[in-house]
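I have placed the structure first, in the form of structure tokens, so that the comments after it can refer back to it.
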Amino acid sequence: QVQLEESGGGLVQPGGSLRLSCAASGRTFSSYFMGWFRQAPGKEREFVATIRWNDGSTFYADSVKGRFTISGGNARRLVHLQMNSLKPEDTAVYYCAFKTRVSGPYNYWGQGTQVTVSS
């Protein structure tokens, strides 16, 4: 099993920045994806960004391109999401997720961390 723990959420003013972190523990895999999703109240959960560890490739939702950056930490299975130029519509619970296959589902999820963008 894989356990995920998010941190770094909070309240920030529009235009501000936050850095989310996710640490994975438990079973190890040679290749995997770690990513971020978000869900606002009454809305569907949506993809935000992901990083593929075998080659370091990253992918972003169009809504966050140019503002958010996903990166790996110094330790394997540690991922960060740097969020800049935050907008009110970025307000959501942000979830860290883990999967081992390109086309497979994200089958491990963290508990989520609240990000609120408001003045």
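Between Tyr106 and Ala97 the shortest heavy-atom distance is CD2-CB, 3.4 Å. What you find for Val12 and Gly16 is that their closest heavy atoms are CG2-CA, 3.8 Å. Between Ser118 and Pro14, the shortest heavy-atom contact is C-CD, 3.6 Å. Across Met34 and Cys22, no two heavy atoms sit closer than the pair CE-SG, 3.8 Å. In plain terms, the two heavy atoms of Lys87 and Val117 that are nearest each other are O-CB, 3.3 Å. Of all the heavy atoms in Gly72 and Ile51, the pair that sits closest is N-CD1, 3.9 Å.
For Asp62, the salt bridge (Lys or Arg N to Asp or Glu O under 4.0 Å) criterion is met by Lys65, not counting sequence neighbours.
In the hydrophobic clustering of ILVMFWY residues, with side-chain heavy atoms under 4.5 Å counting as a link, Tyr60 and Val115 come out together. Clustering ILVMFWY residues whenever any of their side-chain heavy atoms sit less than 4.5 angstrom apart, transitively, puts Trp53 in the very cluster that holds Ile70. Placement of Val79 and Phe47 in two distinct hydrophobic clusters is found when ILVMFWY residues are connected by side-chain heavy-atom separations under 4.5 Å, directly or transitively. Cluster membership for Phe33 and Trp109, using ILVMFWY side-chain heavy atoms within less than 4.5 angstrom, is shared.
Taken to the nearest 0.5 Å, the OH atom of Tyr94 stands 9.5 Å off from the CD atom of Gln114. Atom OG of Ser25 sits about 8.0 Å away from atom CD of Glu5, to the nearest 0.5 Å. Rounding to the nearest 0.5 angstrom, the gap separating the OG1 atom in Thr100 from the CG atom in Asn107 is 6.0 Å.
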For Leu86 and Phe68, what are the C-alpha separation, side-chain angles and deciding distance, and is it a side-chain contact (heavy atoms from CB on, under 4.5 Å)? CA-CA 9 Å; Leu86 284 162; Phe68 291 10; 3.8 Å; yes
Would Arg38 and Thr91 satisfy side-chain contact (heavy atoms from CB on, under 4.5 Å), going step by step from the backbone distance to the final call? CA-CA 9 Å; Arg38 65 187 183 186; Thr91 296; over 6 Å; no
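Remark: the backbone N or O of Gly9 is paired with a side-chain donor or acceptor of Thr113 at under 3.5 angstrom. Panel note: side chain Gln39, backbone Glu44; no donor-acceptor pair is recorded below 3.5 Å. Arg67 contributes a side-chain N or O that, together with a main-chain N or O of Ser85, makes up a donor-acceptor pair within less than 3.5 Å.
Counting only heavy atoms from C-beta outward, the side chains of Thr69 and Met83 never approach each other to under 4.5 Å. In this structure, the side chains of Thr50 and Trp36 stay at 4.5 Å or more apart for every pair of heavy atoms. Counting heavy atoms from C-beta outward, Gln82 and Ser17 have side chains that approach closer than 4.5 Å. Proximity of Arg19 to Asn84: side-chain heavy atoms (C-beta onward) are nowhere separated by under 4.5 Å. A 4.5 Å side-chain heavy-atom check between Gln111 and Leu4 finds every atom pair outside the cut-off.
Aromatic rings of Tyr95 and Phe37 (six-membered ring for Trp) have centroids beyond the 6.0 Å cut-off, not under it.
The disulfide (SG to SG under 2.5 Å) contacts involving residues 23-68 comprise nothing, where partners must be two or more places apart or lie in separate chains.
The 12-atom threshold is not exceeded at CD of Gln13, counting heavy atoms of other residues, nucleotides or ligands nearer than 6.0 Å.
In the model, Ser71 has no side-chain atom that pairs as donor or acceptor with a side-chain atom of His80 under 3.5 Å.
Relative ring orientation between Tyr108 and Phe98 is described as perpendicular, the plane-to-plane angle rising above 60° on a 0-90° scale split at 30° and 60°.
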